[in-house]
J.: 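First, the structure itself, so that you have it in front of you.
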Amino acid sequence: MPQSLAKNSIHLVFGTKGRRPYLTSSVGPQVFAYLAGAFQKWESPAIIVGGHVDHVHALFLLNKNVSLARIVEEIKKGSSKWIKTLGVGLDDFAWQNGYGAFSVSESNSLEVRKYIENQEEHHRRRSFQDEFRELCARHGVEIDERYAWS
């Protein structure tokens, strides 16, 4: 084949270090918008970025020429530096070390998008830990609870 074609949709989830509620209603939307721009910079356009006070969900198209690990590392590193400039109380901001990344079929893309759009409502009933456990179970990913929440 004379060209390389790919469309890999990824549902990425990562949290703030120590589950600290940094992403309040005054900061969260700015952070989500910044992250969407950061994905674009890596030619991995975000379909939607959202989350809750202590974590982020992003649905994006993975650049076929850059590894997932590299994109996540660069996005978290750049956004962490930027978030620290936003004001008082954010100078010690950090993301947790790890992340969850799950492939999304084209037929499930709209469902994942709606799920991310409804994070505030969703977390009135369920903790991030329970949400992440369910995502991992749904995708057949085993987690080690000793390291999942730091």
J.: Look at the side chain of S80 and the backbone N and O of A94, then say whether any donor-acceptor pair between them is shorter than 3.5 Å.
T.: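 Not at all, since once roles are kept as given, no pair shorter than 3.5 Å links the two residues.
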J.: Should E111 and K114 count as an ion pair when the cut-off is N to O under 4.0 Å?
T.: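 No salt bridge links E111 with K114.
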J.: Please examine the side chains of F32 and L23, heavy atoms only from C-beta on, and report whether any two atoms are closer than 4.5 Å.
T.: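 Of all side-chain heavy-atom pairs linking F32 with L23, at least one is under 4.5 Å.
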J.: Quick check on the hydrophobic clustering: are I75 and F93 connected, directly or via other members, by side-chain heavy-atom contacts under 4.5 Å?
T.: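 Yes; F93 is reachable from I75 via cluster members.
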J.: Hey, quick one: are F128 and L12 part of the same hydrophobic cluster, counting side-chain heavy atoms closer than 4.5 Å, chains of contacts allowed?
T.: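 F128 and L12: separate clusters.
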J.: Tell me every residue that passes salt bridge (charged side-chain N to carboxylate O under 4.0 Å, His left out) with E117, counting only those two or more places apart in sequence or in another chain.
T.: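 Per chain and number, E117 pairs via salt bridge (charged side-chain N to carboxylate O under 4.0 Å, His left out) with R113.
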J.: Count I, L, V, M, F, W, Y as connected when their side-chain heavy atoms are under 4.5 Å apart, and connections chain through other members. Are L135 and I143 then in the same cluster?
T.: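 Linked within one cluster.
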J.: Considering residues at least two apart in sequence or located in another chain, which fulfil the ring pair (Phe, Tyr, Trp, His ring centres under 6.0 Å) criterion with H57?
T.: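 Expected list: H11, H55, Y115.
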J.: Identify the heavy atoms of L62 and L68 that sit nearest to each other, and give their distance.
T.: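 That would be CD1-CA, 3.9 Å.
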J.: Which residue is it: E131, E120, E134, E121? I am looking for the one with a salt bridge (Lys or Arg N to Asp or Glu O under 4.0 Å) to R126.
T.: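 Running salt bridge (Lys or Arg N to Asp or Glu O under 4.0 Å) over E131, E120, E134, E121 with R126 returns exactly one hit, E134.
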J.: Less than 4.5 Å apart, side chain to side chain, heavy atoms only: is that true for D130 and S127?
T.: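 The answer is yes; the side chains approach within 4.5 Å.
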J.: Could you list all the side-chain hydrogen bond (donor to acceptor under 3.5 Å, both in side chains) pairs where at least one residue sits in residues 26-43, not counting sequence neighbours?
T.: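 Qualifying pairs: T24-S26.
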J.: Are any of the side-chain heavy atoms of S4 and K64 separated by less than 4.5 Å?
T.: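 Result yes, sub-4.5 Å side-chain heavy-atom pair found.
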J.: Restricting to salt bridge (charged side-chain N to carboxylate O under 4.0 Å, His left out), what partner residues turn up for E106, sequence neighbours left out?
T.: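 Once residues adjacent in sequence are excluded, the partners of E106 under the salt bridge (charged side-chain N to carboxylate O under 4.0 Å, His left out) criterion are K7.
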J.: Sequence neighbours excluded, which residues qualify as side-chain hydrogen bond (donor to acceptor under 3.5 Å, both in side chains) partners of S107?
T.: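 Partners of S107 under the side-chain hydrogen bond (donor to acceptor under 3.5 Å, both in side chains) test: S105.
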J.: Kindly give the heavy-atom pair with the smallest separation between S44 and N63, and that separation in Å.
T.: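 So the two residues come closest at OG-N, 2.9 Å.
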J.: Do L59 and I10 share a hydrophobic cluster (ILVMFWY, side-chain heavy atoms under 4.5 Å, transitive)?
T.: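 Cluster IDs for L59 and I10 differ.
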J.: Taking F60 as the starting point, is it possible to reach I48 by hopping between hydrophobic residues whose side chains are less than 4.5 Å apart?
T.: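 No: no chain of side-chain contacts under 4.5 Å links I48 to F60.
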J.: Might you work through the side-chain contact (heavy atoms from CB on, under 4.5 Å) test for Y22 and V53, ending with a clear yes or no?
T.: CA-CA 6 Å; Y22 287 111; V53 295; over 6 Å; no
J.: I need the minimum non-hydrogen distance between W95 and S79, along with the two atoms involved.
T.: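 So the minimum-distance heavy-atom pair works out to NE1-OG, 2.9 Å.
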J.: For R19 and Q96, does a side-chain donor sit closer than 3.5 Å to a side-chain acceptor?
T.: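 Short answer, yes.
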J.: Looking at CG of L110 and CD1 of I47, how far apart are the two atoms once the value is rounded to the nearest 0.5 Å?
T.: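 Spacing of CG (L110) from CD1 (I47) equals 10.5 Å.
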J.: Which residue, R20, K84, K17, forms the salt bridge (Lys or Arg N to Asp or Glu O under 4.0 Å) with D92?
T.: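 Checked R20, K84, K17 against D92; only one passes salt bridge (Lys or Arg N to Asp or Glu O under 4.0 Å): R20.
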J.: Less than 6.0 angstrom from the centroid, inside 45 degrees of the normal: does K76 satisfy that with respect to the ring of F14?
T.: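 Verdict for F14: a cation-pi partner in K76.
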J.: Looking at every heavy atom in both G100 and F102, which two are closest together, and how far apart are they?
T.: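 G100 and F102 have their closest heavy atoms at C-CE1, 3.9 Å.
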J.: Could you tell me which non-hydrogen atom of L61 sits nearest to which non-hydrogen atom of S9, and how far apart they are?
T.: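 Looking at all heavy atoms of both residues, the closest pair is CD2-OG, 3.3 Å.
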J.: Could you give the distance from CD (Q119) to NE2 (H52), rounded to the nearest 0.5 Å?
T.: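 Rounded to the nearest 0.5 Å, the CD-NE2 separation comes to 8.0 Å.
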J.: Roughly how far, to the nearest 0.5 Å, is the NZ atom of K81 from the CD1 atom of I83?
T.: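 One finds 13.0 Å between CD1 of I83 and NZ of K81.
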J.: Applying salt bridge (charged side-chain N to carboxylate O under 4.0 Å, His left out), name anything that partners E73, two or more places apart in sequence or on another chain.
T.: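 With neighbours one apart ignored, the set is empty.
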J.: One pair to check against side-chain contact (heavy atoms from CB on, under 4.5 Å): E74 and V72. What are the steps and the verdict?
T.: CA-CA 6 Å; E74 295 296 334; V72 174; over 6 Å; no
